[in-house]
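Letters A, B, ... are given to chains in the order of the sequence lines, protein chains preceding strands, and every chain is numbered from 1. FYI, side chains are in, hydrogens and waters are out, and symmetry mates aren't considered; it's all heavy atoms of this structure. It should be emphasised that the depicted structure is a prediction, and the values quoted were computed from it without experimental measurement.
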Amino acid sequence: MTVNNIWVITDDQNAVGELCDGGRQLGKQVSVILFSDQNRAQEAISSGADQVYLFGQAGESVMIEDYSKSIAELLRAEKADLVLVYSSIRGKLIAGRIATQLGISVLSNVSELTVDDGSIIVKHMVYGGAAIRTEKALTDTVVVTVGSGVFEAMPKDAARQGKVNEINPNVDNAGIRILETRPKQGELVNLSAAKRVVGVGRGFAAQEDLKMAEEFTALVGAEMACSRPIAEGEKWMSKERYVGVSGVVLKPDIYIALGISGQIQHMVGVNHAKTLVAINKDKNAPIFKQVDIGLVGDLYKVLPKIAEKIKAQN
Amino acid sequence: MRVITCCKAVPEAQDIVVTKDRQISIEKAEWKFGQYDLNAVEAGKQIVEAVGGQLSGLCAGGKILDNSKLRKDILSRGLDDLYVVMDEKMEQADTYQSAKVLEAAIQKMGDFDLVLCGAGSSDLYAQQVGNQLGELLGLPVVNAVNKITPEGDKIIVERTVENAIQVLEISLPAVFSVTSEINVPRIAGMKDIIAANKKSVSKFTLSEINADNLPNSSSEILSTMAPEQVDRRLNILEGESDEVIDAFVKLLSAELK
Amino acid sequence: MVGVKVLDEEKFDVIVVGGGLAGSTAAYILAQQGLEVLLIERGNYAGSKNMTGGRLYAHSLEKIIPNFAEEAPVERKVVNERISMMTEKDAVTMSYHSPRLAETGSDSYVVLRGKFDRWLFDKAEEAGAMVTAGIKVDQLMVEDNRVTGVICGGEEMKADVVILADGVNSLLAEKAGLRKRVQPSHVAVGAKETYELPAKVIEDRFSLTGDEGTAWLFAGSPSSGQVGGGFLYTNKESISIGLVLGLEHITESGKTLEEMMVGFTNHPEIAPLIKDGKLLERSGHVVPEAGLSMVSTLYGDGFLICGDAAGFCLNIGYMVRGMDLAITSGELAAKAVLKAKEKGDFSSSSLQSYKEMLDNSFIMNDLSVYKNFPAFMDNPRIFNQYPSMLSGIMADMFIIDGKPALPLRKKAMKHLKAVGLLNLAKDALNGVKSV
Ligand SMILES: Cc1cc2nc3c(=O)[nH]c(=O)nc-3n(C[C@H](O)[C@H](O)[C@H](O)COP(=O)(O)OP(=O)(O)OC[C@H]3O[C@@H](n4cnc5c(N)ncnc54)[C@H](O)[C@@H]3O)c2cc1C
Ligand SMILES: Cc1cc2nc3c(=O)[nH]c(=O)nc-3n(C[C@H](O)[C@H](O)[C@H](O)COP(=O)(O)OP(=O)(O)OC[C@H]3O[C@@H](n4cnc5c(N)ncnc54)[C@H](O)[C@@H]3O)c2cc1C
Ligand SMILES: Nc1ncnc2c1ncn2[C@@H]1O[C@H](COP(=O)(O)O)[C@@H](O)[C@H]1O
């Protein structure tokens, strides 16, 4: 099988560039399915799409996921070889539903995607990051979910030409009605861009103690991130800020872990940091097996002192 | 209301040993039910506690599911009964195969109002079996469910997507995947553990649920290897004295230059 | 099924607190006899929190589960005994090989609690005991001076009788006022480290083959001249090494246990044995030290105490022995309960048979044999001057540096004087008296 028809599905316009770039690298023809409007469609074309299929915004009460059947039909009719679905919450549900329509699995959260004499090879983490699995797709159409950072968006080219097809899809009668959509107050952070990151973990006993960390973070001119329990269990920080296999994966110059034990699921998010630093009171904490610089001590005692001394320097 | 929660037994990530040339071995690993499946069990428990009903567990997997400790553990977390589908084939099942088997089992389990899955299995974390199962059953299906409120033959859920919270009205039966934030799973008490001993466990083979011819795998596993280890300097200081702090700050500042 | 009945009447025949060797043994025997037993272990699994040097004398468990060593996860069978007297740098080592060490009845095995306790705990479950791991008993239920059950996380569970096998710092017994506080001078502390090494390497370093193992005890510098000693046991693919030291002596030595441990593991005699070993675990634990004099209340209305909780542990300075006592005391506690069950009387007077059985067992015998031993051991000379004296003598004998040689008697005298002949005689005498 040769990989010709690449399809991109995303509910997030920001992902179009990267996914189109991936599409161009992997196949000949890139078709993009969007749930927005003409302008966005044009934008997609200048970002590398050959064709755009516009499933306009569904009515207030309808979920775009309920277009899955129509999308699956379209993919079947157009003989899609590879479908790159942006791994947003909605994207994942769409991917799962269309794959089921096509009678296949979803290759999820892939970190690498290549074509090796006609067959599609993907890499993704298993066992919470303890291992990386390489798989070869065996189906005629292959559905994968991809996050940001796997491909690099290429520069937009306003001159590119492409076709926009407006679809008016039939909504599966899925028995789901949207009663209300509330914007989340969560701030928009782009940790993956940050060069310096300070990560906080359960070593902090109370939310107000994070102030210490915030001051330190500002002092070293870094962005603040956290381990999953801080964002999900404690809800002290927004989900966008937790690092790891199911959170953000970073490649900063330096990552400073404060009160983080260093469980694999967290560390896979920072293993690519050029320099790893950790402060933890437990000298047997796993994180000390994988740092460049470590300090064994109670962060409540040492962090203020460290801040003092750094201030003194500047 | 009959709620079915799907739970998957997985080897503990921290017990996985890396043998030579980045091969991994799960031989010594302890098996546990996925951390996130416990959120699904808890969510189910809270529903039956609120509106009454029955909470059944469903798991498909290899021979490890014969381990009575493992089964007792999940039963002690609030299930009324447990259904187990056991077959070696399930050890390497992909998301579609898993969904197919769960669908077949559910058909066998009789009437139900709601199927709950976790945010993701702790080994594959594909976050898809729930979605595919829902589609196979031809039922309303949503992921990232963060709040569940039963209202008669309907149910109201809050779903957190990237930038918004959707409030959805969903007709039953339905299939949800819950977030790991939806609740904090309760810790089994002495009486829960004792009670787990008398709860019924039904075992199925694939043929008993008419699923012995699984669909082909969608992919072939070429390798499963430990990630490349970055060599770190392991320059570790110990203590809270000023000397130590000075030394640490010195090292740190050098990096921040 | 067991559970069904229990839930109906919310009561067990017996509740055993603690899934260590004592507790699991008791539960195993009682369940086998068809009693409704609840075995409660605080750790996430039995053995997860337990610590031991590692040598189990087989005789006790052998009686209960014949040929247990064939199915149980034992590490190695001890065929080689060594004892060393150490100074900072030197060591005088005695080594003992004998087929008798391997004979059933007098054989002993090195075990790792994490595996071994778990196995025995599971045996109890197989036998029909209801087991719960990861549950801590917070206190005993006491109704008009009679123990009637346990309370865990606010939940009450009743039983005719409760067996306390909750280990050396048996807080439960204390809380319920069944037993007085443990005096510091009555306990020693132990530190232990386990180093991972390939089986092949271990066998080469200790010249062992197959499942053979070495048990090695140390007196002298490991406890930096204080009362106590060191031990080293070979596991299948790791080495257990540690120190035991009288609690009140730690302060005197001016060194922390941790520092002593570092000194010990770096001793020229030890370092090469654990070289390149990966530190798997580090643990600390208390040892009931004072033998008989620490044994307190053993039974009362509705309860029995066994194992370390009862003080059944021999600490002979350079070695600690408690696992076989724990197992047998668990067995006897179970037997006492079975007797009581026949009479349907779980009062103190009915449970007294436990004490009688103990008195006729090796437990009380060995405890009284070593009655004064802790006191005798409580003498720095034993752990300080004698080791250096011995190594001094050895040095003179073996180190030939061209200096005019003294006749051996003179050599020896020189060192004996250092200690003082009188002291020597005194200690020798006490030593004999105390055994
Ligand atoms: C499928 C799956 C996916 C997961 N994905 C992620 C993920 O993407 N990201 C993630 O982070 N986790 C993830 N987890 C959870 C992960 O396994 C760990 O539970 C989590 O990373 C632990 O966070 P922590 O280190 O902050 O807390 P802990 O593990 O509790 O560590 C706290 C540390 O702080 C230290 N400490 C305590 N007090 C002090 C003090 N005063 N001074 C200094 N140090 C102190 C302690 O010694 C300890 O080492 C996942 C788990 C699963 C099963
Ligand atoms: C350093 C050291 C070296 C030793 N070396 C040897 C040796 O080589 N050979 C030998 O024979 N003996 C040795 N011993 C002694 C031996 O380890 C003990 O005598 C033996 O473990 C006693 O067993 P036990 O079952 O009575 O108590 P433990 O093994 O301590 O078991 C008590 C159990 O009760 C549980 N528990 C405690 N409180 C509660 C509660 N409230 N609720 C529920 N569960 C609870 C604990 O988790 C534990 O599992 C050594 C001891 C030490 C410290
Ligand atoms: N073999 C299985 N048995 C039972 N439930 C499963 C199984 N595999 C997956 N699930 C459920 O599907 C969810 C998502 O799994 P996954 O798609 O593998 O991340 C899990 O959290 C479980 O609730």
Side-chain angles (χ1 to χ4, degrees), chain A residues 88-90 92-93 96-97 99-100 103-108 126-128 130-139 174-184 220 232 245-246 254 263-265 268 271 275-277 283 288 290-298 301-302 305-306 309-310 313, chain B residues 11 13-14 16 24 94-96 99 120 122-128 131-132 135-136 140 142-144 161-171 180-181 215-227 230 232-240 245-246 248-249 251-253 255-256:
Chain A
S88 59
I89 300 283
R90 292 188 192 85
K92 285 171 188 164
L93 183 49
R97 293 185 62 183
T100 311
I104 60 175
S105 289
V106 179
L107 302 177
S108 301
V126 290
Y127 303 125
I132 292 172
R133 177 165 287 171
T134 308
E135 291 182 68
K136 175 175 158 192
L138 302 174
T139 53
I176 304 180
R177 245 180 70 233
I178 302 181
L179 299 181
E180 179 192 355
T181 304
R182 283 187 243 128
K184 244 197 307 186
V220 296
E232 294 201 333
V245 59
S246 44
I254 183 167
Q263 301 301 325
I264 224 163
Q265 294 96 344
V268 294
N271 278 341
T275 305
L276 263 182
V277 183
K283 73 160 173 285
F288 285 126
Q290 40 200 323
V291 295
D292 295 294
I293 305 170
L295 177 59
V296 181
D298 182 339
K301 299 212 186 81
V302 300
K305 290 195 195 170
I306 294 171
K309 297 191 188 293
I310 294 182
Q313 287 179 353
Chain B
Q14 54 263 51
I16 294 174
I24 64 156
D94 59 31
T95 58
Y96 186 61
S122 292
D123 54 352
L124 299 183
Y125 204 68
Q127 306 184 282
Q128 284 300 348
N131 302 340
Q132 297 205 275
E135 191 72 2
L136 281 170
V142 223
N143 57 347
V161 294
E162 281 65 23
N163 48 14
I165 294 170
Q166 296 178 322
V167 182
L168 309 173
E169 179 191 74
I170 301 172
S171 61
S180 55
E181 303 158 90
N216 302 335
S217 334
S218 301
S219 62
E220 174 194 349
I221 296 173
L222 301 180
S223 72
T224 305
M225 288 207 272
V230 204
R232 297 290 178 182
R233 277 169 276 160
L234 299 180
N235 189 349
I236 293 162
L237 311 175
E238 194 170 343
E240 291 156 0
I245 304 284
D246 281 327
F248 178 78
V249 170
L251 291 169
L252 185 58
S253 317
E255 297 299 327
L256 295 172

Trainee: Which heavy atom of B:Ala13 sits nearest a heavy atom of A:Gln265, and at what distance?
Mentor: CB-NE2, 3.8 Å
Trainee: Considering residues at least two apart in sequence or located in another chain, which fulfil the side-chain contact (heavy atoms from CB on, under 4.5 Å) criterion with A:Asp298?
Mentor: A:Tyr300, A:Lys301, B:Glu240
Trainee: If you compare all heavy atoms of B:Thr224 against all heavy atoms of A:Ala131, which two are closest, and at what distance to 0.1 Å?
Mentor: CG2-CB, 3.8 Å
Trainee: Count the heavy-atom pairs under 4.5 Å between each of A:Leu276, A:Ile178, A:Ile254, A:Thr134 and chain B, then report the option with the highest count.
Mentor: A:Thr134
Trainee: Under the 3.5 angstrom rule, does the side chain of B:Glu162 hit a backbone N or O of A:Ile89 as a donor-acceptor pair?
Mentor: yes
Trainee: Nearest heavy-atom pair of A:Ala130 and B:Pro227: which atoms, and what distance?
Mentor: O-CD, 3.2 Å
Trainee: Heavy atoms, side chains only, cut-off 4.5 Å: are A:Glu180 and B:Ile165 in contact?
Mentor: no
Trainee: Please list, chain by chain and in numerical order, all residues satisfying side-chain contact (heavy atoms from CB on, under 4.5 Å) with B:Ser219, sequence neighbours excluded.
Mentor: A:Leu107, A:Glu135
Trainee: Looking at A:Asp292, A:Ile306, A:Ile293, A:Val296, which one has more heavy-atom pairs under 4.5 Å with chain B than the rest?
Mentor: A:Asp292
Trainee: Using a cut-off of 6.0 Å, state whether more than 12 heavy atoms not belonging to A:Arg133 lie near its atom CZ.
Mentor: yes
Trainee: Most heavy-atom pairs under 4.5 angstrom with chain B, which of A:Ile132, A:Val268, A:Thr181?
Mentor: A:Ile132
Trainee: Specify which of A:Val245, A:Ile264, A:Asn271, A:Ile104 makes the most heavy-atom pairs with chain B at under 4.5 Å.
Mentor: A:Ile104
Trainee: In terms of heavy-atom proximity below 4.5 Å to chain A, should B:Val230 be classed as side chain, backbone, both, or neither?
Mentor: side chain
Trainee: Looking at A:Val220, A:Val302, A:Ile310, which has the largest count of heavy-atom pairs under 4.5 Å with chain B?
Mentor: A:Val302
Trainee: Return the CD1 to NZ distance between B:Ile236 and A:Lys283, rounded to the nearest 0.5 Å.
Mentor: 11.0 Å
Trainee: Mind checking the CD1-CG spacing from A:Ile176 to B:Leu168? Nearest 0.5 Å is all I need.
Mentor: 6.5 Å
Trainee: For B:Gln128 and A:Ser108, test the side chains for any donor-to-acceptor distance below 3.5 angstrom and give the result as yes or no.
Mentor: no
Trainee: Looking at B:Ile16, B:Asn216, B:Leu234, B:Ile170, which makes the most heavy-atom pairs under 4.5 Å with chain A?
Mentor: B:Leu234
Trainee: Heavy-atom distances under 4.5 Å only: say whether B:Ser223 touches chain A with side chain, backbone, both or neither.
Mentor: both
Trainee: State, to 0.1 Å, how close B:Gly239 and A:Leu295 come at their nearest heavy-atom pair, and which atoms those are.
Mentor: O-CD1, 3.6 Å
Trainee: Under 4.5 Å between any side-chain heavy atoms of B:Asp123 and A:Val126, yes or no?
Mentor: no
Trainee: For the NZ atom of A:Lys309 and the CG atom of B:Leu252, what is their distance to the nearest 0.5 Å?
Mentor: 13.0 Å
Trainee: Tell me, out of B:Ser217, B:Pro215, B:Ser253, who's got the most heavy-atom pairs with chain A below 4.5 Å.
Mentor: B:Ser253
Trainee: Using a cut-off of under 4.5 Å on heavy-atom pairs, state which of B:Ile245, B:Leu251, B:Ile24 scores highest against chain A.
Mentor: B:Ile245
Trainee: Who wins among B:Gln127, B:Glu255, B:Glu220 for the most heavy-atom pairs under 4.5 Å with chain A?
Mentor: B:Glu220
Trainee: State, to 0.1 Å, how close B:Phe248 and A:Val277 come at their nearest heavy-atom pair, and which atoms those are.
Mentor: CZ-CG1, 3.8 Å
Trainee: I need the B:Asn131 CG to A:Leu93 CG distance, nearest 0.5 Å.
Mentor: 4.5 Å
